[in-house]
Amino acid sequence: MSNSISQYWVRLLINLIFSISHLATQDLMETQEEVKEEGVGYVVMRNLFSRETDFKMRTVKKSRETSLRESAERLALKEFQKKMNPDSLTHPPEFIVKPHGQTVWEGKSVMLHCTVAGWPKPRVSWYKNNVLIDAKAHPEKYFTESQYNMHSLEIKNCNFSDTAEYRISALNVKGESSAFAPVIIKSENYLTFKLFLFIFHSDGYSPEYGVTFNTTIIDKFDVSFGREGETMSLGCTVIVYPTVKRYQPEIVWYRNGVVLSPSKWVHMHWSGEQATLTLVHLNKEDEGLYTLRVNTKSGFDTHSAYVFVRDADVEEEGVPVAPLDVRCHDANKDYVVVTWKQPAVEGSSSIIGYFIDRLEVGTHHWTQCNDTPVKYARFPVTGLTEGRSYTFRVRALNNSGVSRPSRASDPVVAMDPSDRARLRAGPSAPWTGMIKFTEEDPTVGVVPGPPTDLAVTEATKSYVVLSWKPPIQRGHEGVMYYVEKCLVGTETWQRVNTGMPVKSPRFALFDLAEGKSYSFRVRSCNSAGVGEPSEETGATTVGDRLDLPSVPGPVIAIRNTDTSVVVCWGASKEVKNLVGYYIEVSINGSGVWVPCNNKPVKGTRFVCHGLNTGDKCVFRVKAVNAAGYSGSSAESEACIVQASIAVPSPPTGVTLLERVRDYMVLGWQAPAKTGGADIRGYYLDYRTVKDGVTSKWHEINLQTVTGTSYKVTDLKENVFYQFQVRAVNRAGISESSIPMVPLECKEWTVAVPGPPHGLRVQEVRKESMVLLWEPPTFSGRSPVTGYYVDYKEENGRWRCVQERSTKNTYMKLTGLQEGVSYRLRIHAKNVAGVGGPSKETDAILAETRPGTNEIVVDVDDDGVISLIFECSDLKEDSQFVWSKNYKAFTDTSRLTVQTSGGKSRAIFNDPSLEDLGIYSCVVTNIDGVSASYTLTEEGLKRLLDISRDHQFPIIPFKSEMAIELQEKGRVHLWAEVAKFTSNCQVEYVFNDNIIHEGKKYTMNFNKTTGIIEMFMDSLEVTDEGTFTFNLVDGKATGRTSLVLIGEEFAELQKKSEFERAEWVRRQGPHFVEYLSFKVTPECDVHLKCKVGNIKPATETAWFKDGIEIEEDDEDAKKIKKSDEISKKDAGVYEVKLKDERGKDKTLLNLTDAESSVCKLLNRLKVMSTEHGIILYSFVASCHRVQCGVTGEQLWLKINEPTEKDKGKYAIDIFNGQGSVKRVLDLSGQGKSSGVPAQATLQYFYRARVVGGLPDVVTIQEGKSLNLTGNVWGDPVPEVSWVKNDKALLSDDHYMLKFEHGKFASITIAAVKTIDSGKYALLVKNKYGTEAAEFTVSVYIPEDEGEKRE
């Protein structure tokens, strides 16, 4: 016992000693830290200026703490004295107190402090990720302060972009020192947002790898737009330098500040250089701000851009779009709460409610959970099976119908929350206790007690949700519950779930009467029975507890970029459980509203992207919570979508143009980016440099310098100076240019001129650009006589553009390569030689930007010549600046400039040779928008001709004047006008004399068709001359003439008289067809003629060789039927008609026609043979109908029979004593002579190709081939095409058609060599089949050329 007590006290003593030692050590460390924080200066000042003068020896008892403090002070005093030594008075900066890294919430402010010592007093600068912080330029964001070597930086209203590594740099003549502090900004809006905090070495140095990693992100993804169901990829190229083997940076992706993980919808890939994020099957849940963060051992770098997801097209017009962001909460054994967010577009009417569907994992059937649509974006789903997993989706409903379903939620398991917690916690430690078994468990058969903490957690007009805690007394078996309700004012309790008790301590009651009050209580039950009820709830009125949000505050739209606008608004003042805001945009005056975001945002500021440049837009905002939408806010003021005004970029190329003993002339190049506003001027600063030590910067000019050169006066000779320049526009002052190297102020003694200055480039195209410059300020000992232009590619060597110098201060460089960057510089030249080069320009990429316009020459209807230049991206402060030969106009009387909107017109007042030159136009505040036009003498002459035509326009004729003869020999003069107005008038002129409508002339001008006509009944000798139509239409004139003189007039007059005589002849009996002969199939010769306009009294007489043929004459009989025509029948036959109205005659000369007639008519001839005689004759036949005898067969062949060949065919066979006749009916009317007509006509009705297709087709490759075959058959045949015995089907290459049952066509688009082959058109019906074959040969022109060679 005593040993144990002694051991106890020993241990206690040891612990006590250890504690004392630890406290002493801690006090010593605190003391040293306090001395360090107290500062060297304070200790030195306190000891140096002590007023105690009497020295007395006395003994003072000091504590250990006092001794340590005094030792520290003595050490500090020695250090101070060492620094006060003249040999070591100056020393480099050192940080007594370094800034500490901080982590704060978004919206808060950060203050970084530090103390710097050094002599001379160091200058300090603050940097963010190695970028200088200009607190004066951004006072709303940064505030810096320096007092008594104490320096501070305040970062106001922090956001995610302020997360960075901040550095303070202290610099004096002895050196430079830096201190670092990381600042991490955490987001309050997303509790899951975690940023990895790096503990850096002061310079980012990684001891593990022995290098400092520098990260650069290029090829950055921009603001992107997608549509639901599409796939989108975001990517960046990441360069980490230096490259260390087997080291890869950490790639992290965020959406709205939340770290993304690979999933079914999100795929990530890192190739070592390219970081890619792929969003599969986009949904509105994917909309948001995406951030790529690259973490290395030395720091991190980020890039962010917004992704917008548009709704997919609705299946039915007017229905709402799908809800989004479906989530599951408070999951229990048979109960889960489903929430979602309302969509941005409600459709043609407001949303009535929502349907919730569930799907048991492993099945494919969705079950609707509610029969009545719910208005709230929150719904308790009951009736789940314990242990099973479910997913949920939501559909919106309005008067037009039901929307598409939302994206399904993540699966959730129906189980007790305590079981879920145990599963998440993982396996527990093994049980090491003892289990005792008894014969009887006292808890078996115990009725559970009443549940506790019963409360109404949700109450809407659709449902009420109750929650409670299980009873304390419940035994070892499971407990279930019965829920009861009671209408307030009654004492009747009604059990709600009579059929099945619930397992979860949650329950949703539906079908309650809206507006009435209820009380609720719950009973527990198990196998032993039903327990006592819990305490009843208070009276609960059925109705919505959550109100709609109030209308958001005023909306302000601010210009941002050419395609985006920043929208700010006041937050809804009365709102609970705010989900976010939807922003809508409309083109001013259109009344059509389109959502800017499809996923609600919680802030009061949003950048609306995807707008059209130049549109005048208004915006409005509405808030949303689970109860629904608020009313829309008031519309914002109209905002034009165009880039906002910003501070210009710094000037570049500061160079020395001239120097004398007491002044220097400086030149510089204007900023590359004007910030969208005119450059109002420049400010210059200077400082002196002596032995490497610089003084403070001093302002040179209080008033802005408007040019790009300035003479700095009152300088000291042989003193070195540095200069810097700042540009200023309406938005503010730019950062300073890079300080130029120190320059000594002394007079130049060189003879050659100084460098030109003010280099600027305009009219950049893919093959050319124009360089302009200002003459050098210092011309040397003689005037400047010319300039040389040098150029080089980005990494090439300098080359001179021209062989001879140019006196102009501009030059157009041609023959450039598209996509190559060039740098330019200028040399000035005088008699003494060539001066030094100017400051080279920045790299200029040879390209023609999209939307680039050129100057267009226009001649209006009044003949006014003008040059027109248009700019579609005109900004508010932009102006069109015209110049001639790249110099401002000096003589405004020659040119008038008119500008309206995005179009400027330079009008020539009196075009002449004085106006020849190069005309250029530049649009200010828009980088690279410029063009020029060179007006040459030839071009001016062409424009003057066009102007004259416009001043004195000519009416065009579609058809010049023409003449034709009509009935009775009437003369018709006509012309057709191509273009005219309703005011057009016509003047008719003959031989310079105006003629008018009267007895001789009939005139008409049809203004519908534009046809001018003039009629004359006859042509007389006095009508020989020139006919003219003169047209006048406003100031436009037209003229067309026809000359009728000499032989042309005589021939026309003769034809007119003939036509008139013919008309007179046709008034009496006359011949419509003159006398001719015809040989009939019976070998008879008929003389025939056709008469017209005859009467019974008309006399007809026939004559042969002038002798009338009487009716009974032999010649008259032969005229009717000539069986044996011979030479004696030759002669001139004449027929005459006569009555009281007139007479007519016709002649036929048969003296030359006899031989031809005889050829057609050959008599039957006889020929003797050894067997007897043969009677024969030569019969003329055609290729289609032929006859003949083969052996004992007589035949008549009809090729290609048609409908005209139908009828009855007969053959007579006579043997001298008797005859036999056979008749065959091919008319299709039945049978004849026992031969079936159907079999006989089978040939006529069979399917066949009757024409249209060639045998061979040769066609050039690339052409289109179209062939059409004529098809016949009854019934209509079936048509098909084959190539090389393989059937063809109609597609994009082969287009097969069969139209009207007659025309089968094939079209081969863009034939190729493989289309060569043997083709056939197959036709088929029940009477037969036929194939029309043809060959297609495709040739290549080059091949054919080689063969010919």
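Residues take their numbers from the sequence shown, with the count starting at 1.
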Point to revise | For R559, all residues meeting side-chain hydrogen bond (donor to acceptor under 3.5 Å, both in side chains), sequence neighbours excluded | key: E876

Exercise for review: Could you tell me the separation between the OG1 atom of T613 and the CD1 atom of I640, rounded to the nearest 0.5 Å?
Suggested key: 11.5 Å

Check your understanding: Should we count CD of Q722 as having more than 12 external heavy atoms under 6.0 Å?
Key -> yes

Exercise for review: Over all heavy atoms of both residues, which pair between A843 and S821 is shortest? Give the atoms and the distance, please.
Suggested key: CB-CB, 4.1 Å

Review point. Once you round to the nearest 0.5 Å, how far does OG1 of T237 lie from CG of D219?
Key: 4.0 Å

Check your understanding: Considering the options N909, L944, L935, which one meets the side-chain contact (heavy atoms from CB on, under 4.5 Å) requirement together with I865?
Key -> L944

Point to revise | Centroid-centroid under 6.0 Å between W748 and F778 rings | key: yes

Exercise for review: Starting from the C-alpha separation in whole Å, work towards a yes-or-no answer on side chain to side chain donor-acceptor pair (under 3.5 Å) for D790 and H827.
Suggested key: CA-CA 8 Å; D790 294 344; H827 296 264; 2.8 Å; yes

Review point. Between N853 (side chain) and E870 (backbone), is there a donor-acceptor pair under 3.5 Å?
Key: yes

Review point. When you look at NZ of K884, are more than 12 heavy atoms from neighbouring residues, nucleotides or ligands closer to it than 6.0 Å?
Key: yes

Check your understanding: Is there a donor-acceptor contact under 3.5 Å from the side chain of T848 to the main chain of R765?
Key -> no

Review point. If only atom types and distance count, is the side chain of S224 paired as donor or acceptor with the main-chain N or O of D222 below 3.5 Å?
Key: yes

Check your understanding: Taking the six-membered ring for Trp, are Y306 and F308 parallel (under 30°), tilted (30 to 60°) or perpendicular (over 60°)?
Key -> tilted

**Study point:** Qualifying residue for ring pair (Phe, Tyr, Trp, His ring centres under 6.0 Å) with Y682, from Y710, W668, F723
**Key:** W668

Revision key, fill the gap. Value for CD (E763) from OH (Y810), rounded to nearest 0.5 Å, stands at 11.0 Å

Check your understanding: When you measure from the side chain of H303 to the backbone N and O of F221, does any donor-acceptor pair fall under 3.5 Å?
Key -> yes

Point to revise | Inter-residue atom distance S932.OG - I918.CD1, 0.5 Å rounding | key: 6.5 Å

Review point. Any donor-acceptor pair under 3.5 Å linking the side chain of R659 with the backbone of E744?
Key: yes

Review point. Near Q951 CD, under 6.0 Å, is it more than 12 heavy atoms from other residues, nucleotides or ligands?
Key: yes

Check your understanding: Taking the side chain from S564 and the backbone from H609, do they hold a donor-acceptor pair closer than 3.5 Å?
Key -> no

Point to revise | Side chain S878, main chain T924, donor-acceptor under 3.5 Å | key: yes

Review point. Between T704 (side chain) and T706 (backbone), is there a donor-acceptor pair under 3.5 Å?
Key: no

Review point. Has F225 got more than 12 heavy atoms of other residues, nucleotides or ligands less than 6.0 Å from its CZ?
Key: yes

Exercise for review: Give a yes or no on whether E140 atom CD has more than 12 heavy-atom contacts from other residues, nucleotides or ligands under 6.0 Å away.
Suggested key: yes

Point to revise | Test item: Q802 side-chain N/O and Y787 main-chain N/O as donor-acceptor pair under 3.5 Å | key: yes

Review point. Taking atom CG of L132 as the centre, does the number of heavy atoms from other residues, nucleotides or ligands within less than 6.0 Å exceed 12?
Key: yes

Check your understanding: Around K141, counting heavy atoms of other residues, nucleotides and ligands shown, do more than 12 lie under 6.0 Å from its NZ?
Key -> yes

Exercise for review: Given salt bridge (charged side-chain N to carboxylate O under 4.0 Å, His left out), test K766 with E847 step by step and report yes or no.
Suggested key: CA-CA 4 Å; K766 63 181 181 180; E847 66 170 353; over 6 Å; no

Practice item. Only counting residues at least two apart or in another chain, list the ones meeting side-chain hydrogen bond (donor to acceptor under 3.5 Å, both in side chains) with N729. Key: none

Review point. If every non-hydrogen atom of R661 is compared with every non-hydrogen atom of C745, which pair is closest and at what distance?
Key: O-SG, 3.2 Å

**Study point:** Reported CG-to-OG distance for the pair L940 and S912, which is rounded to 0.5 angstrom
**Key:** 7.5 Å

Exercise for review: Could you go through the ring pair (Phe, Tyr, Trp, His ring centres under 6.0 Å) check for Y919 and F908 one step at a time?
Suggested key: CA-CA 12 Å; Y919 292 86; F908 291 95; 5.4 Å; yes

Practice item. Give the intermediate values and the outcome of side chain to side chain donor-acceptor pair (under 3.5 Å) for residues T841 and R823. Key: CA-CA 5 Å; T841 64; R823 294 182 183 270; over 6 Å; no

Check your understanding: How long is the gap from OG on S233 to CG on L277, to the nearest 0.5 Å?
Key -> 8.0 Å

Point to revise | Non-neighbouring partners of T934 that pass side-chain hydrogen bond (donor to acceptor under 3.5 Å, both in side chains), sequence neighbours left out | key: none

**Study point:** Backbone N/O of K673 and side chain of S649: donor-acceptor pair under 3.5 Å
**Key:** yes

**Study point:** Ring geometry between Y686 and H698 (parallel below 30°, tilted from 30 to 60°, perpendicular above 60°)
**Key:** tilted

Check your understanding: So, is the end of the R760 side chain (NZ or CZ) under 6.0 Å from the ring centre of W773 and within 45° of the ring's axis?
Key -> no

